[in-house]
**Student:** 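What follows is a structure written as structure tokens; I'll ask about it next.
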Amino acid sequence: MFVGFGTVTNVLTVVVGSGIGLLIGHRLGVRVRTTVTSALGLVTLLIAAQSAFAVSDTALADAVGDSAPLLIVLGSLVIGGIIGSLLRLEDRIESLGGWLQRRLTRGEEDGRDRFVEGFVISSLVFCIGPLTILGSLNEGLGNGADQLLLKATLDGFAALAFAASFGIGVMASAISVGVIQGSLTLLGAALGSFLPDAHLAALTATGGLILIGVALRLLDLKAIAVADLLPALIVAPLLCQLVIAVR
């Protein structure tokens with residue numbers, strides 16, 4: 001297998017899964033689609049909680065002290081949120097979704113919101129999480145694509161359900177998967193080694209909390225500007241290193 005095989009497979013499963021979802025979506029009533037979306041929100045919440053528990057990882061506590069992990073995650077989200085808000089990442093992603101909608105559909109304005117919501121939510125669900133980061137870096141380092149192949153399977157089923165609810169915007173999220181996972185794979189090839197366990201735990205815990213924001217959107221509880229928090233994924237390992245350096 002070539003480097004990038006896992007990402008290519010993941011892109012294909014999103015396209016195929018969402019295509020099937022589009023074919024059967026019109027046969028599903030609003031109640032069924034809403035229930036499916038809520039179920040995905042609950043599963044996303046479970047995955048997010050599992051990732052967030054990395055804040056109690058022993059490697060992180062040993063490296064920064066027992067009280068610092070929560071502060072690192074908090075600081076990452078606050079600093080990352082400020083950066084993302086100033087860069088207006090949420091607005092930019094929504095604008096990208098609107099641009100794609102005008103080119104992939106006939107431009108009907110009444111379908112724009114549904115397209116953008118499907119594109120944004122699917123991109124965030126498919127591109128945030130430990131499997132995205134670990135799997136892409138692992139493949140870039142030449143350790144195989146097993147993690148990304150597992151993720152591709154999960155994303156294919158999720159894309160089917162999402163497309164039945166949100167439409168063709170979900171298929172467009174395959175672009176996000178290709179760009180983000182491909183970039184991380186190249187980064188892994190450039191780094192030549194893994195992030196230390198402590199840094200990876202801080203990043204995973206921060207990503208888990210961001211995913212909780214995605215779950216809240218899926219459950220229609222609160223429309224958090226999740227994309228504005230994405231810089232926290234970069235800030236987390238940097239803050240971890242800073243604490244280790246001054247400790």
**Student:** Going only through I, L, V, M, F, W and Y residues with side-chain contacts under 4.5 Å, is there a path from Ile180 to Leu87?
**Tutor:** no
**Student:** So which atom in Ala236 and which in Ser76 form the shortest heavy-atom distance, rounded to 0.1 Å?
**Tutor:**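 Result for this residue pair: CA-OG, 3.0 Å.
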**Student:** Which heavy atom of Ala172 sits nearest a heavy atom of Phe119, and at what distance?
**Tutor:**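 Shortest heavy-atom contact: O-CE1, 3.6 Å.
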**Student:** Answer whether the closest heavy-atom distance between the side chains of Leu71 and Val243 falls below 4.5 Å.
**Tutor:**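 Counting from C-beta outward, Leu71 and Val243 never come under 4.5 Å.
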**Student:** Show me the side-chain donor-acceptor pairs of residues 215-227 shorter than 3.5 Å, one per line, residues at least two apart or across chains.
**Tutor:**
unit_1: Arg217; atom_1: NH1; unit_2: Glu90; atom_2: OE2; d: 2.9
unit_1: Arg217; atom_1: NH1; unit_2: Ile224; atom_2: O; d: 3.4

**Student:** The criterion is ring-ring contact (aromatic ring centres under 6.0 Å, His included); which residues satisfy it with Phe53, sequence neighbours excluded?
**Tutor:** none
**Student:** Hydrophobic clustering (ILVMFWY, side-chain heavy atoms < 4.5 Å, transitive) - are Val177 and Val116 grouped together?
**Tutor:**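 Linked within one cluster.
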**Student:** Contact between Leu60 and Cys240 at the side-chain level, heavy atoms closer than 4.5 Å - yes or no?
**Tutor:**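 Yes, at least one pair of side-chain atoms sits under 4.5 Å.
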**Student:** For Asp197, I'd like to know if atom CG has over 12 heavy atoms of other residues, nucleotides or ligands within 6.0 Å.
**Tutor:** no
**Student:** Is a side-chain donor-acceptor pair under 3.5 Å present for Ser123 with Ser173?
**Tutor:** no
**Student:** Looking at every non-hydrogen atom in both residues, tell me the closest pair between Ala54 and Ala201 and how far apart they are.
**Tutor:**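 Looking at all heavy atoms of both residues, the closest pair is CB-O, 3.7 Å.
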**Student:** So, for Val14 and Ala159, which heavy atoms are closest and what is the spacing to 0.1 Å?
**Tutor:**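 Smallest interatomic distance, heavy atoms only, reads O-CB, 3.7 Å.
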**Student:** Is the shortest heavy-atom distance from the side chain of Ile210 to the side chain of Leu77 under 4.5 Å?
**Tutor:**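 The answer is yes; the side chains approach within 4.5 Å.
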**Student:** Taking the side chain as every heavy atom from C-beta outward, state whether Ile244 and His199 have any pair of such atoms under 4.5 Å apart.
**Tutor:** yes
**Student:** Under 4.5 Å between any side-chain heavy atoms of Thr153 and Thr13, yes or no?
**Tutor:** no
**Student:** Just how far is it from atom CG of Leu229 to atom CD1 of Ile79, taken to the nearest 0.5 Å?
**Tutor:**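 If we round to the nearest 0.5 Å, Leu229:CG and Ile79:CD1 are 12.5 Å apart.
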**Student:** Roughly how far, to the nearest 0.5 Å, is the NZ atom of Lys151 from the CG atom of Asp146?
**Tutor:**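 Output value for this atom pair is 15.0 Å.
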**Student:** In terms of the angle between their ring planes, are Phe166 and Phe162 parallel, tilted or perpendicular, with boundaries placed at 30° and 60°?
**Tutor:** tilted
**Student:** To which residues is Phe157 joined in a hydrophobic cluster, defined by side-chain heavy-atom contacts under 4.5 Å among Ile, Leu, Val, Met, Phe, Trp and Tyr, whether direct or through other members?
**Tutor:** none
**Student:** Check whether any side-chain heavy atom of Asn10 lies under 4.5 Å from a side-chain heavy atom of Phe126, and answer yes or no.
**Tutor:** no
**Student:** When rounded to the nearest 0.5 angstrom, what is the spacing between OG1 in Thr206 and CG in Leu230?
**Tutor:**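 Answer rounded to 0.5 Å: 12.0 Å.
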**Student:** Side-chain heavy atoms nearer than 4.5 Å, only ILVMFWY residues, links allowed to pass through others: does that put Ile175 and Val120 together?
**Tutor:** yes
**Student:** Looking only at heavy atoms, which two atoms of Ala48 and Leu211 are closest? And how far apart?
**Tutor:**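 Smallest heavy-atom distance, with atoms named: CB-CB, 3.5 Å.
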**Student:** I need the Thr185 OG1 to Leu148 CG distance, nearest 0.5 Å.
**Tutor:**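 Going from the OG1 atom of Thr185 to the CG atom of Leu148 covers 6.0 Å.
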**Student:** How long is the straight-line distance from OG1 of Thr204 back to CG of Leu209, given to the nearest 0.5 Å?
**Tutor:**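 Output value for this atom pair is 11.5 Å.
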**Student:** Donor-acceptor pair, Asp228 side chain versus Leu89 backbone, under 3.5 Å?
**Tutor:**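 Flag set: sc Asp228 to bb Leu89 pair under 3.5 Å.
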**Student:** To check you understand the geometry: which heavy-atom pair defines the closest contact between Leu239 and Ile72, and what is its length?
**Tutor:** CD1-O, 3.7 Å
**Student:** Is it the case that one hydrophobic cluster holds both Leu203 and Ile234, taking links as side-chain heavy atoms less than 4.5 Å apart, direct or via other members?
**Tutor:** no
**Student:** Any side-chain heavy-atom pair from Glu139 and Gln181 closer than 4.5 angstrom?
**Tutor:** no
**Student:** Report yes or no: do Phe2 and Leu12 belong to one cluster of Ile/Leu/Val/Met/Phe/Trp/Tyr joined by side chain heavy-atom distances under 4.5 Å?
**Tutor:** yes
